[in-house]
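These notes are about the structure you will find just below.
To find a chain, count down the sequence lines: A is the first, B the second, and so on, and within it residues start at 1. We use all heavy atoms of the structure for the numbers below, so side chains are in, but hydrogens, waters and symmetry mates are not.
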There are 2 protein chains.
Amino acid sequence: MKVLEPNELDSRKMLILKAIIDDYIESKEPVGSRTIAKKYDMGLSSATIRNEMADLEEMGYLSQPHTSAGRIPSEKGYRLYVDRLMNLKEQGIEPTAEELGDIKSHMQHKISELSEQMRMASEIVSRLTDYTAIVVSGNSRRSMRIKALQTVPVETGKALILIVLDDDRVKNSIVSVDPSITAEMLMRISVQCNLLFSGHRVEDINMDMIDTVAESTGVPRMLLYPIVEGIVECIRKAENTEVYTEGASRLLAHPEFNDIGKARNVLELLNKEDLLVDMIQDCSSAGGLVVRIGSENKIQDLNDCSVVTASYSVNGVELGTIGVLGPTRMDYSKVISALEYVRKGLEEGLGGKPKAE
Amino acid sequence: MKVLEPNELDSRKMLILKAIIDDYIESKEPVGSRTIAKKYDMGLSSATIRNEMADLEEMGYLSQPHTSAGRIPSEKGYRLYVDRLMNLKEQGIEPTAEELGDIKSHMQHKISELSEQMRMASEIVSRLTDYTAIVVSGNSRRSMRIKALQTVPVETGKALILIVLDDDRVKNSIVSVDPSITAEMLMRISVQCNLLFSGHRVEDINMDMIDTVAESTGVPRMLLYPIVEGIVECIRKAENTEVYTEGASRLLAHPEFNDIGKARNVLELLNKEDLLVDMIQDCSSAGGLVVRIGSENKIQDLNDCSVVTASYSVNGVELGTIGVLGPTRMDYSKVISALEYVRKGLEEGLGGKPKAE
DNA sequence: TGTTAGCACTCAAACGAAGCGAGTGCTAAC
DNA sequence: GTTAGCACTCGCTTCGTTTGAGTGCTAACA
């Protein structure tokens with residue numbers, strides 16, 4: 001595939017291409033020369049436009065579903081459109097007053113939970129855009145610090161292990177312990193663990209520390225093992241990136257999914273969490289806001305779809321990514337604006353202190 | 001609508017009705033008299049069957065999509081089928097060895113979490129039946145006991161409230177507290193709370209108890225309020241029934257959802273958690289295993305669907321419900337067997353001690 | 001040389017008639 | 001009561017026709 005050279009296209013061709021894509025995104029129908037000549041009066045006749053369209057097709061920016069139909073953008077066309085042609089919608093994308101209230105009230109809620117907020121955000125994005133939102137929260141690559149670690153007696157033979165991470169996520173697991181472990185012993189273990197582990201990174205935990213706990217609490221090492229297991233389990237849960245999909249059924253409203261087979265493929269894909277995580281993280285690693293058009297995506301079943309992702313960071317730490325999945329003919333401008341909008345909201349909400357815009 | 005009288009139908013009509021429904025469930029096509037005469041040789045000619053079919057139609061058990069087509073069961077027909085005609089499949093429904101391993105390994109996992117197990121079970125049910133599974137876990141009507149309640153210092157001005165319930169569910173919330181509250185104070189509060197609340201029912205908690213905590217710890221009552229708020233929040237979370245849907249896309253494989261509009265209606269419905277909870281709980285209140293056929297369901301959009309639900313109890317306490325959603329023409333026998341199967345598994349797993357079969 | 005009017009051509013989609021065939025109801029005979 | 005036979009119904013498929021949006025090309029024009 002040839003790399004785009006800036007002056008390959010004169011400005012008139014650009015203008016026409018933009019008009020075609022704009023129209024196609026709106027009308028969902030192949031665009032003919034007459035439509036462009038009439039609707040976007042650029043002082044040219046349909047015949048001229050026709051010639052230009054033929055050129056654009058030859059250059060690979062457009063294609064024809066069949067001879068006697070209008071033109072539709074190719075992937076290359078969309079790419080150029082996204083990179084250089086489209087104008088970002090600044091207005092009309094703002095959520096309704098009601099939705100705004102929703103967000104605000106959620107954000108101001110004292111109890112801040114990352115995954116809850118991401119969920120909330122994804123719902124807004126999906127509703128604003130009418131496409132499906134995919135949320136991946138958590139970031140297995142960053143190293144987490146432990147804020148607090150406690151062991152809590154539940155009943156004889158059962159203990160709860162609890163970890164609070166530096167992003168205020170809480171993970172816990174219940175383990176069976178030797179019945180000889182009393183509530184009082186657990187309390188001591190708890191104090192020691194807290195003292196020893198708080199402020200440390202997850203990967204700093206090692207067997208020596210366990211030994212220290214055993215010594216200082218007087219609890220036999222053997223009996224501590226289930227507790228260590230519980231800690232490991234908590235960490236595993238914390239490392240697990242969570243995926244969540246919102247508004248899958250919205251996709252069915254778009255004509256490109258009228259084919260039930262295609263619809264099914266995509267919907268089934270949305271259940272495959274590992275694939276989704278891969279896909280989204282693949283994008284997010286490339287930077288802030290990424291647009292993947294059609295086959296730019298590695299997943300075969302998404303060849304007729306585009307994905308736009310935005311990553312969220314607070315204090316330089318990437319906490320999650322929200323992606324929007326829609327047909328290749330999506331309203332890129334709307335999607336990007338919506339994502340930017342909730343990103344701002346999320347980052348302010350999560351950061352705690354609202355920044356000046 | 002006339003109520004079914006047991007001897008309204010002679011046994012031959014019953015046999016024919018059963019054959020028709022069996023065939024329809026399998027073939028997904030209207031069933032003609034010739035098919036029945038040939039496939040299920042009951043020593044009758046197609047003409048005779050035709051007469052009987054005409055009778056059955058008149059009685060409301062069958063209907064014709066159009067004059068020159070075969071018959072399909074009506075809701076009344078399905079009802080009779082489910083109640084008295086169908087034979088439960090005992091074989092062929094058992095999960096594959098692989099799936100069995102899956103279940104076992106999950107069930108034996110020491111760390112037992114209700115919602116995780118229900119999720120697992122729902123996936124199995126959905127896979128076995130090829131329909132959508134709906135899980136509602138938690139039961140707002142039963143009164144929960146608190147096994148443990150703790151407050152954990154997280155950092156200055158932040159505390160974690162933690163509740164362990166009698167079914168081993170763990171709920172927590174992080175609240176902002178007055179910075180003057182030290183970790184040491186929180187520990188004391190924790191001990192007192194645990195002492196005071198453990199073993200009590202959620203609804204037993206009252207302001208007097210808070211006062212007691214304030215007195216015995218010497219922490220001003222005012223400063224305890226955020227903590228109370230956290231407790232309330234935990235309880236709210238615990239009372240929230242959780243809903244979860246598995247395998248929604250499987251529905252699309254069935255011909256009755258070839259119509260994209262219908263498919264969309266149902267898929268959208270699956271996002272409406274409150275409606276789902278209502279529906280499932282409405283069934284589960286009626287007893288163990290419930291079949292709702294077509295319009296027996298209150299939800300309009302599900303008029304072409306049936307729902308089969310099974311509730312799970314341990315020690316007489318209802319913990320959750322799994323439902324299967326499919327087209328009215330679902331394989332009821334298969335669905336019921338599958339639900340029974342995982343119910344057994346779940347109840348054994350949750351009860352702790354495996355019972356003899 | 002670029003633009004435009006005009007015209008022949010293409011082809012998917014919409015429409016309609018014809019034929020097929022699965023299935024029925026009815027009648028008459030067994 | 002059962003069955004064979006037959007006329008009839010009606011949705012589906014097939015196939016030819018028409019329609020119309022849209023094109024490419026050519027020739028004339030500025």
Side-chain angles (χ1 to χ4, degrees), chain A residues 9-17 19-24 26-74 77 255-256 258-259, chain B residues 9-17 19-24 26-74 77 255-256 258-260 329:
Chain A
L9 289 174
D10 56 34
S11 67
R12 194 173 74 180
K13 280 201 171 54
M14 299 260 242
L15 222 60
I16 292 177
L17 180 59
I20 293 172
I21 300 186
D22 279 338
D23 199 82
Y24 182 59
E26 194 201 319
S27 72
K28 308 169 168 53
E29 300 285 343
V31 187
S33 54
R34 243 174 77 85
T35 316
I36 298 298
K38 267 198 300 187
K39 264 187 24 193
Y40 309 74
D41 59 349
M42 32 185 76
L44 293 173
S45 77
S46 68
T48 312
I49 307 236
R50 215 143 53 224
N51 288 329
E52 297 287 40
M53 281 165 91
D55 289 353
L56 283 166
E57 178 165 3
E58 204 177 359
M59 292 188 238
Y61 295 103
L62 296 176
S63 72
Q64 259 181 312
H66 54 103
T67 342
S68 68
R71 303 299 210 293
I72 60 175
S74 67
E256 21 272 286
N258 275 353
D259 174 9
Chain B
L9 288 175
D10 57 33
S11 67
R12 193 173 74 177
K13 280 199 173 52
M14 297 262 243
L15 223 58
I16 292 177
L17 181 60
I20 292 172
I21 301 188
D22 278 340
D23 199 82
Y24 182 60
E26 194 200 319
S27 73
K28 309 170 168 57
E29 299 286 343
V31 187
S33 53
R34 241 175 80 86
T35 316
I36 298 299
K38 265 196 303 185
K39 261 181 37 186
Y40 308 76
D41 59 348
M42 32 185 75
L44 294 174
S45 77
S46 68
T48 312
I49 307 236
R50 214 145 50 225
N51 289 329
E52 297 287 39
M53 280 165 93
D55 290 353
L56 284 167
E57 178 165 4
E58 204 177 358
M59 292 188 235
Y61 295 105
L62 295 176
S63 73
Q64 259 181 313
H66 54 95
T67 343
S68 68
R71 303 299 209 292
I72 59 174
S74 68
E256 22 273 286
N258 275 352
D259 174 8
I260 206 106
R329 179 206 52 71

What is the distance, to the nearest angstrom, from the [atom1] atom on [X] to the [atom2] atom on [N]?
| X | N | atom1 | atom2 | result |
| --- | --- | --- | --- | --- |
| B:E29 | C:dG21 | CD | C1' | 14 Å |
| B:I49 | C:dA22 | CD1 | P | 18 Å |
| B:H66 | C:dG21 | NE2 | P | 16 Å |
| A:Q64 | C:dC9 | CD | P | 18 Å |

Practice problem: Taking B:E256 for its side chain and B:R329 for its backbone only, find out whether a donor-acceptor pair lies under 3.5 Å. | Solution: no
Practice problem: Look at the side chain of A:Q64 and the backbone N and O of A:A69, then say whether any donor-acceptor pair between them is shorter than 3.5 Å. | Solution: yes
Quiz item: Can you list the residues that meet the salt bridge (Lys or Arg N to Asp or Glu O under 4.0 Å) rule with B:R12, with sequence neighbours excluded?
Solution: B:E52
Quiz prompt | Partner set under salt bridge (Lys or Arg N to Asp or Glu O under 4.0 Å) for B:R50, not counting sequence neighbours | solution = none
Exercise. Return each pair, listed once, that meets salt bridge (Lys or Arg N to Asp or Glu O under 4.0 Å) where at least one residue sits in residues 55-74 of chain B; pairs must be two or more places apart or across chains.
Key: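 For residues 55-74 of chain B: B:K13-B:D55, B:E57-B:R71.
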Exercise. Would you mind telling me which of B:L17, B:I72, B:V31 makes a side chain to side chain contact (heavy atoms under 4.5 Å, CB included) with B:L62?
Key: B:L17
Quiz item: Across the strands shown, which category fits B:T67 at heavy-atom distances under 4.0 angstrom: base, sugar-phosphate, nothing?
Solution: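 Result for B:T67 = sugar-phosphate.
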Exercise. Using side-chain contact (heavy atoms from CB on, under 4.5 Å) as the criterion, list what pairs up with B:N258, not counting sequence neighbours.
Key: A:I260, B:P255
Sequence neighbours excluded, which residues qualify as side-chain hydrogen bond (donor to acceptor under 3.5 Å, both in side chains) partners of [X]?
| X | result |
| --- | --- |
| A:S74 | none |
| B:T48 | B:S45 |
| A:S27 | none |
| B:K39 | B:D23 |

Quiz prompt | First encountered from the 5' end of DNA chain D, between B:S68 and B:E52 | solution =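 Nearest nucleotide further toward 5': that of B:E52.
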Quiz item: Where each residue is assigned the nucleotide of DNA chain D containing its nearest heavy atom, which of B:T48 and B:P65 is assigned the position nearer the 5′ end?
Solution: B:T48
Quiz item: Does OP1 or OP2 of C:dT3 have a side-chain N or O of A:R12 closer than 4.0 Å?
Solution: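 Result: yes.
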Quiz item: Looking at residues 40-47 of chain B, who's got a heavy atom less than 4.0 Å off DNA chain D?
Solution: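 Those residues whose heavy atoms fall under 4.0 Å from DNA chain D, taken from residues 40-47 of chain B in numerical order, are B:G43, B:L44, B:S45, B:A47.
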Exercise. Shoot me the first and last contacting nucleotide of DNA chain D against chain A, ordered 5' to 3', at under 4.0 angstrom to non-hydrogen atoms.
Key: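 In short, chain A contacts DNA chain D from D:dA21 to D:dC25.
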Quiz item: Considering the terminal five base pairs at each end of the helix from C:dT1-D:dA30 to C:dC30-D:dG1, what angle separates the two local helix axes, rounded to 10°?
Solution: 20°
